[in-house]
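Structure first, commentary second.
Only a predicted model underlies this, so the values are computations on that prediction, with no experimental measurement involved. Heads up: numbering here begins at 1 and tracks the sequence.
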Amino acid sequence: MQSVLAYGRLVARAVLGGGVRQTERREYRLITVSCGFGKDLRKGSGTAAKGSGYGDDACFVAAHRLADVLGVADGVGGWWDYGVDPSQFSTTLMQTCERLVQEGLFVPSNPVGILTASYNEMLQNKAPLLGSSTACLVILDRQKRCLYTANLGDSGFLIVRDGKIIHRSDEQQHYFNTPFQLAIAPPEAQDSILNDSPEAAEGSMFNVEVGDIILTATDGLFDNMSDYMILQQLQKLKDSSYQSLNETVKCLAKRAQQLAYDPNYMSPFAQHACENGLNVQGGKPDDITVLLSVVTESKE
């Protein structure tokens, strides 16, 4: 009798154990593609590889066992007037964020922490890299199925579900066309250069679902395309395949580029300029960086 009972307990444990495994939630993942154009068309255009950028913009896409992480940064073009290449600052910032993710030196629920650590590391370099940049980081916690974001300045992101925007970032501006930004300035110019703390970045948390679309971009997209126009372009997305995502992000970036050079188009940037008492019409020529992501469920 004891042997029968023991066998029964073993069977029960095996069945219950199997049941636990069957109810475990699969992890969520992000499939991400990028496209963009530099304002100077000779400097970066088309589809980018990880860690590259377009013009003075920079971006990265990194995968870790805990999370998928991506970011965009827009180098402030005014540094060209001082003989400084703005793309070096934005690129270094994004490359440092990417490295910290790859080394596991981050917490998925704290994208502001990644931004802060990267910026502090740049400050501690023996030869500080001069420049300034906006920044936007997006993290998908694979197990919690949550999206954590940090946005400083006028780059940003939006989340689309069932053809509607259900969440988006807010711009951070000191005043019109002057976004919040991280900066490293020479000692003699520190009082005249805008420099915000990375902790000033706006953070958010959002529960995502399979099929949600996350669009992360610099202001070159949002200044030239309204939400309605962006949604129209996203309707071209047929499925979550790399091919469909790639075709859609190219169409989106190309349309923004076309509108940026249309002198008769009343762009979102021109509308905001008019609201601030400026007589402006047309698109806004600028570097354009677009990361298009879709939430999928792991097959493992």
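Remark: the Thr289 side chain and the Asp57 side chain contain an N/O donor-acceptor pair separated by less than 3.5 Å. Side-chain polar atoms of Gln232 and Tyr228 form a donor-acceptor pair below 3.5 angstrom.
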Scan the side chains in residues 198-207 for donor-acceptor partners under 3.5 Å anywhere in the protein, sequence neighbours excluded, and list what turns up.
residue	atom	partner	partner atom	Å
Glu199	OE1	Ser197	OG	2.4
Glu202	OE1	Asp170	N	3.4
Ser204	OG	Thr149	OG1	2.4

Arg161 and Asp212: CA distance, side-chain angles, deciding distance, salt bridge (Lys or Arg N to Asp or Glu O under 4.0 Å) verdict: CA-CA 5 Å; Arg161 180 181 297 164; Asp212 284 354; 2.8 Å; yes

Trace of the salt bridge (Lys or Arg N to Asp or Glu O under 4.0 Å) decision for Asp68 with Arg142: CA-CA 7 Å; Asp68 293 304; Arg142 293 179 171 180; 2.8 Å; yes

Leu147 and His167: CA distance, side-chain angles, deciding distance, side-chain contact (heavy atoms from CB on, under 4.5 Å) verdict: CA-CA 11 Å; Leu147 203 71; His167 186 66; over 6 Å; no

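Using a 30° and 60° split on the angle between ring planes, His174 and Phe180 fall in the parallel class, below 30°.
The distance from atom CG of Leu130 to atom CG of Asp85, rounded to the nearest 0.5 Å, is 11.5 Å.
Checked against a 6.0 Å centroid threshold, the rings of Phe222 and Phe157 do not count as neighbours.
Considering only heavy atoms from C-beta on, Lys284 comes within 4.5 Å of Asn177 through its side chain. Using a 4.5 Å cut-off on side-chain heavy atoms (C-beta onward), Leu291 and Cys59 make contact.
Under the side chain to side chain donor-acceptor pair (under 3.5 Å) criterion, Lys236 pairs with Gln233, not counting sequence neighbours.
Although no hydrogens or angles enter the test, the distance criterion places a donor-acceptor pair under 3.5 Å between the side chain of Arg145 and the main chain of Arg26.
Counting only residues at least two apart or in different chains, side chain to side chain donor-acceptor pair (under 3.5 Å) contacts with residues 130-141 comprise Trp79-Ser132, Ser132-Gln181, Thr134-Ser155.
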